[in-house]
Amino acid sequence: MALARVYMDWNATAPLMDEARQAMVDAFALPGNASSVHAEGRAARAAVEKARRHVAALVGAEPAHVIFTSGATEAINHVLTPDFRMGRSPLKVSRLYASAIEHSAVREGGRFASEQISRFAVTRSGVVDLDALEQALAGHDRSAGLPMVALMLVNNETGVIQPVSEAAQIVHRYGGILIVDAVQAVGRIPVDIAALDADFLILTSHKIGGPKGVGALVARGEAMMPAPLIRGGGQEKGHRSGTENFHAIIGFAAAAEAALEGLIERNAAIARLRDDLEAGMLAAASDVIIHGRDVDRVANTCFFSLPGLKSETGQIAFDLEGIAISAGSACSSGKVGQSQVLTAMGFDQKIGGLRISLGPTTTRDDIAATLAAFKKISDRRRPAGEAA
């Protein structure tokens with residue numbers, strides 16, 4: 001008999017929600033290109049602009065400031081560039097400062113050369129060190145150009161919420177541009193671009209139950225913008241050329257609209273499940289390390305280490321027990337290796353990390369099944385005869 005599967009990897013991708021699926025099916029009835037001027041094209045354009053309003057509402061932005069992309073990675077590569085404009089005038093950005101726990105797409109630096117990238121530290125709990133950020137910016141050479149800072153709002157592995165608004169005060173005091181990866185934050189905590197004082201936000205659809213292959217770069221205003229990454233027909237007001245991924249954009253908007261409904265209540269229920277999971281883990285293995293437990297985290301994420309258990313061994317073991325979890329970021333071409341986040345937090349490179357992430361359809365039965373697998377896997381790593 002096939003083993004029943006339990007999906008506990010929502011931070012990698014959320015299952016496509018019914019609202020997004022139906023919105024996309026309905027959109028297939030619209031044949032026009034949103035750039036065409038005939039009636040069919042105008043209908044498609046109206047649908048895209050309605051979608052833009054829903055995505056903007058997700059982060060408290062103006063619809064005109066939402067640029068649709070193929071996903072978060074494209075949005076990151078679009079905005080991480082030394083080539084900016086203030087209106088019609090060029091604006092030179094000379095260095096990128098990225099926190100040590102950023103997603104690999106940010107760590108690669110976009111269009112910055114490797115020698116133009118600096119990193120600033122985080123604490124043992126996985127919270128960015130604001131003193132380290134200030135020290136880095138205090139030493140920045142303004143004569144060479146402006147500084148740019150990349151800081152994620154919620155870490156994709158630990159779920160730790162970063163002090164973005166406090167960082168924004170520092171960044172703007174030194175005349176810098178703040179880029180915020182909000183991919184793991186939307187749908188889990190309220191996100192408002194103005195309250196964060198961010199200059200740009202990065203979003204993607206599939207983390208909130210929308211389709212894969214669509215995301216957005218959201219700007220605080222229109223005066224200061226990066227040079228286009230993709231040039232061509234001038235779609236998205238010239239910021240991102242190429243025919244819009246129409247059906248995916250419609251699905252993204254439906255997921256964004258659903259993500260705002262009952263956000264606080266939904267995540268409070270998820271937090272109770274996550275807390276029960278962690279209490280059970282600690283009861284089953286007193287030496288388990290739950291990372292970020294002493295600071296603010298989003299409700300759905302549990303990132304843990306079991307001494308003596310490698311990441312790849314643990315992930316395979318859970319999979320064989322019918323539980324889908326991850327060993328950190330899913331964006332490494334299927335490779336399992338040392339967590340860059342744990343390294344940045346100061347843990348020994350030999351320690352493995354595993355991530356369990358919950359979603360709106362996670363049940364108490366899912367928690368019970370995950371705990372049963374956890375206890376079995378934890379017990380197996382111990383020498384024979386040693387109690388759990």
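- Expressed to the nearest 0.5 Å, how far CG of Leu229 lies from CD1 of Ile67 amounts to 11.0 Å.
- Listed by first and then second residue, the ring pair (Phe, Tyr, Trp, His ring centres under 6.0 Å) pairs that reach into residues 247-287 are Phe28-His247, sequence neighbours excluded.
- Atom CG of residue Leu16 and atom CD of residue Gln22 lie 11.0 Å apart, to the nearest 0.5 angstrom.
- Legend: salt bridge (charged side-chain N to carboxylate O under 4.0 Å, His left out) pairs involving residues 16-34, not counting sequence neighbours, sorted by first then second residue: Asp18-Arg21.
- With values rounded to the nearest 0.5 angstrom, Trp10 atom CH2 is found 5.5 Å from Thr362 atom OG1.
- Between Asp141 and Arg95 no salt bridge is recorded (no basic side-chain N to carboxylate O distance below 4.0 Å).
- Ion pairing between Asp275 and Arg293 fails under the 4.0 Å rule for side-chain N and carboxylate O.
- One distance of note links CG of Leu96 with CE of Met148; it measures 7.0 Å at 0.5 Å rounding.
- Listed by first and then second residue, the ring pair (Phe, Tyr, Trp, His ring centres under 6.0 Å) pairs that reach into residues 266-287 come to none, sequence neighbours excluded.
- Listed by first and then second residue, the ring pair (Phe, Tyr, Trp, His ring centres under 6.0 Å) pairs involving residues 31-60 amount to none (not counting sequence neighbours).
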Distance-only check: which donor-acceptor pairs under 3.5 Å involve side-chain atoms of residues 131-140, not counting sequence neighbours?
unit_1	atom_1	unit_2	atom_2	d
Glu134	OE1	Arg173	NH2	3.0
Glu134	OE2	Arg173	NH2	2.7
Glu134	OE2	Tyr174	OH	3.1
His140	ND1	Tyr97	OH	2.8
His140	NE2	Ser94	OG	3.4
His140	NE2	Gly145	O	2.7

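- In terms of modelled atom types and a separation under 3.5 Å, the side chain of Gln162 and the main chain of Val128 share a donor-acceptor contact.
- Among residues at least two apart or in separate chains, salt bridge (charged side-chain N to carboxylate O under 4.0 Å, His left out) pairs with a member in residues 242-253 are Arg45-Glu244.
- Separating the OG atom in Ser165 from the CG atom in Asp192 is a distance of 11.0 Å, to the nearest 0.5 Å.
- The residues Lys50 and Glu257 are annotated as not salt-bridged, no charged nitrogen and carboxylate oxygen being separated by less than 4.0 angstrom.
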